[in-house]
*Asks:* 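Pasting in a structure now, in structure tokens, and then I'll have a few things to ask.
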Amino acid sequence: YFSETFELLEKCGYDIFGYVDKEDFGVPECKYLGNDDDFLSNYSCTDFSLVNVPDSSEARKLIYEKYKTAGFDFETVISPCANVSAGSIIEEGCVIHDLCNISTGVKLGKCVRVNVMGNIMHDSSVGNYSTVAPNAVILGRCNIDSNCYIGSNSTVLPGINISSYTTVGAGAVVTKNFDGNVTLVGVPAADIKEH
């Protein structure tokens with residue numbers, strides 16, 4: 001995810017100082033600043049604002065909580081090639097990639113990631129740390145709770161509620177409400193345990 005994130009940040013006009021991870025991945029575009037403990041020992045919240053980019057919603061949550069405790073702020077990064085309604089609410093730390101559509105009345109919680117061509121229609125909400133994968137479509141008046149993953153090319157039909165920690169598999173079509181920590185696959189989508 002490093003290359004696509006760096007490309008997005010450059011497109012948005014950010015100056016990138018470096019990256020923090022468990023190990024140095026030898027990213028040529030950027031300086032390795034150490035792991036979380038190294039970074040927090042060497043830099044303060046007055047030095048930088050941060051971008052929270054891991055694919056894992058749980059990792060984004062842990063990063064957000066750890067760094068907010070240390071006083072850091074998180075940038076909300078929106079591609080200039082995305083269509084984001086002025087009537088939407090985008091909280092701190094969200095990353096919205098190229099060709100996304102965020103319609104009016106949409107609310108994105110903290111550190112939501114909407115990947116390339118993600119489409120979230122009117123009056124829907126996506127909870128903290130959730131991910132909307134490439135080409136996923138969330139239709140109007142849906143409520144996606146926190147820490148969910150809406151898979152590539154999936155569709156959530158209008159008015160659907162999906163509880164926290166739910167994974168919607170690639171290409172699935174969600175036609176009814178689901179509670180709890182489930183993995184949904186198929187057309188129409190069902191809990192993988194039922195397949």
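Along the sequence shown, residues are numbered consecutively beginning with 1. Below, all heavy atoms of this structure are taken into account, side chains as well, without hydrogens, waters or symmetry copies.
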*Asks:* Whether the Asp179 and Asn177 side chains hold a donor-acceptor pair (N or O, under 3.5 Å, no angle test) is what I'd like checked.
*Replies:* no
*Asks:* Is it the case that the side chain of Glu75 and the backbone of Val51 share a donor-acceptor pair, with hydrogens and angles ignored and the cut-off at 3.5 Å?
*Replies:* no
*Asks:* If only atom types and distance count, is the side chain of Thr76 paired as donor or acceptor with the main-chain N or O of Gly93 below 3.5 Å?
*Replies:* yes
*Asks:* Should the pair Phe17 and Tyr43 be assigned to parallel (<30°), tilted (30 to 60°) or perpendicular (>60°) ring geometry?
*Replies:* perpendicular
*Asks:* To check you understand the geometry: which heavy-atom pair defines the closest contact between Asp191 and Phe178, and what is its length?
*Replies:* N-CE2, 4.3 Å
*Asks:* Looking at residues at least two apart in the chain, or sitting in another chain, which of them share a side chain to side chain contact (heavy atoms under 4.5 Å, CB included) with Ser44?
*Replies:* Thr46, Asp47
*Asks:* Does a donor on one side chain and an acceptor on the other come within less than 3.5 Å for Ser163 and Asn161?
*Replies:* no
*Asks:* Please give me the minimum heavy-atom distance between Cys81 and Asp98, naming the atom from each residue.
*Replies:* CB-OD1, 3.9 Å
*Asks:* Do Val126 and Ile150 make a side-chain contact, defined as non-hydrogen atoms from C-beta onward lying under 4.5 Å apart?
*Replies:* no
*Asks:* Please name the residue in the list Leu8, Val84, Asn83 that meets the side chain to side chain contact (heavy atoms under 4.5 Å, CB included) test with Ile78.
*Replies:* Val84
*Asks:* Which heavy atom in Asn115 sits nearest to a heavy atom in Cys100, and how many Å separate them?
*Replies:* O-SG, 3.0 Å
*Asks:* Would you kindly confirm whether Met121 and Leu99 end up in one hydrophobic cluster when ILVMFWY residues are joined by side chain heavy atoms under 4.5 Å apart?
*Replies:* no
*Asks:* Ignoring hydrogens and geometry beyond distance, is a side-chain donor-acceptor pair present between Asn135 and Ser152 at under 3.5 Å?
*Replies:* no
*Asks:* Check Ser130 against Ser146 and note the closest heavy-atom contact, atom names and distance.
*Replies:* OG-C, 3.5 Å
*Asks:* Where is the tightest heavy-atom contact between Asn128 and Glu91, given as atom of each residue plus distance?
*Replies:* OD1-OE1, 4.4 Å
*Asks:* Going by the side chain to side chain contact (heavy atoms under 4.5 Å, CB included) test, name the single residue among Val132, Val174, Val173 that passes it with Val156.
*Replies:* Val174
*Asks:* Under a 4.0 Å N-O cut-off, is there an ion pair linking Lys107 with Asp123?
*Replies:* no
*Asks:* Mind checking whether Tyr67 and Phe72 have parallel, tilted or perpendicular rings, split at 30° and 60°?
*Replies:* perpendicular
*Asks:* Does any N or O in the side chain of Ser124 come within less than 3.5 Å of the main-chain N or O of Cys142, such that one atom is a donor and the other an acceptor?
*Replies:* yes
*Asks:* Is the side chain of Arg60 donor-acceptor paired with the backbone N or O of Asp55 at a distance under 3.5 Å, no angle test?
*Replies:* yes
*Asks:* So, Tyr129 side chain and Leu62 main chain: donor-acceptor pair closer than 3.5 Å or not?
*Replies:* no
*Asks:* Looking at residues at least two apart in the chain, or sitting in another chain, which of them share a ring-ring contact (aromatic ring centres under 6.0 Å, His included) with Tyr165?
*Replies:* none
*Asks:* I'd like to know whether Asn147 forms a side chain to side chain donor-acceptor pair (under 3.5 Å) with Asp145, so could you lay out the CA-CA distance, the side-chain angles of the two residues, the decisive distance to 0.1 Å, and finally the verdict.
*Replies:* CA-CA 7 Å; Asn147 296 87; Asp145 280 348; over 6 Å; no
*Asks:* Find out whether Cys12 and Pro80 are in side-chain contact, i.e. whether some heavy atom of one side chain is under 4.5 Å from a heavy atom of the other.
*Replies:* yes
*Asks:* Can you tell me if Thr155 uses its side chain to pair, donor with acceptor, with the backbone of Ala172 under 3.5 Å?
*Replies:* no
*Asks:* Which pair of non-hydrogen atoms, one from Ile120 and one from Val106, has the smallest distance, and what is that distance?
*Replies:* O-CG2, 3.6 Å
*Asks:* Which one of Glu4, Met117, Lys11, Glu7 satisfies the side chain to side chain contact (heavy atoms under 4.5 Å, CB included) criterion with His97?
*Replies:* Glu4
*Asks:* Please lay out, stage by stage, how Leu50 and Asn52 fare under the test side chain to side chain contact (heavy atoms under 4.5 Å, CB included).
*Replies:* CA-CA 6 Å; Leu50 306 176; Asn52 195 352; over 6 Å; no
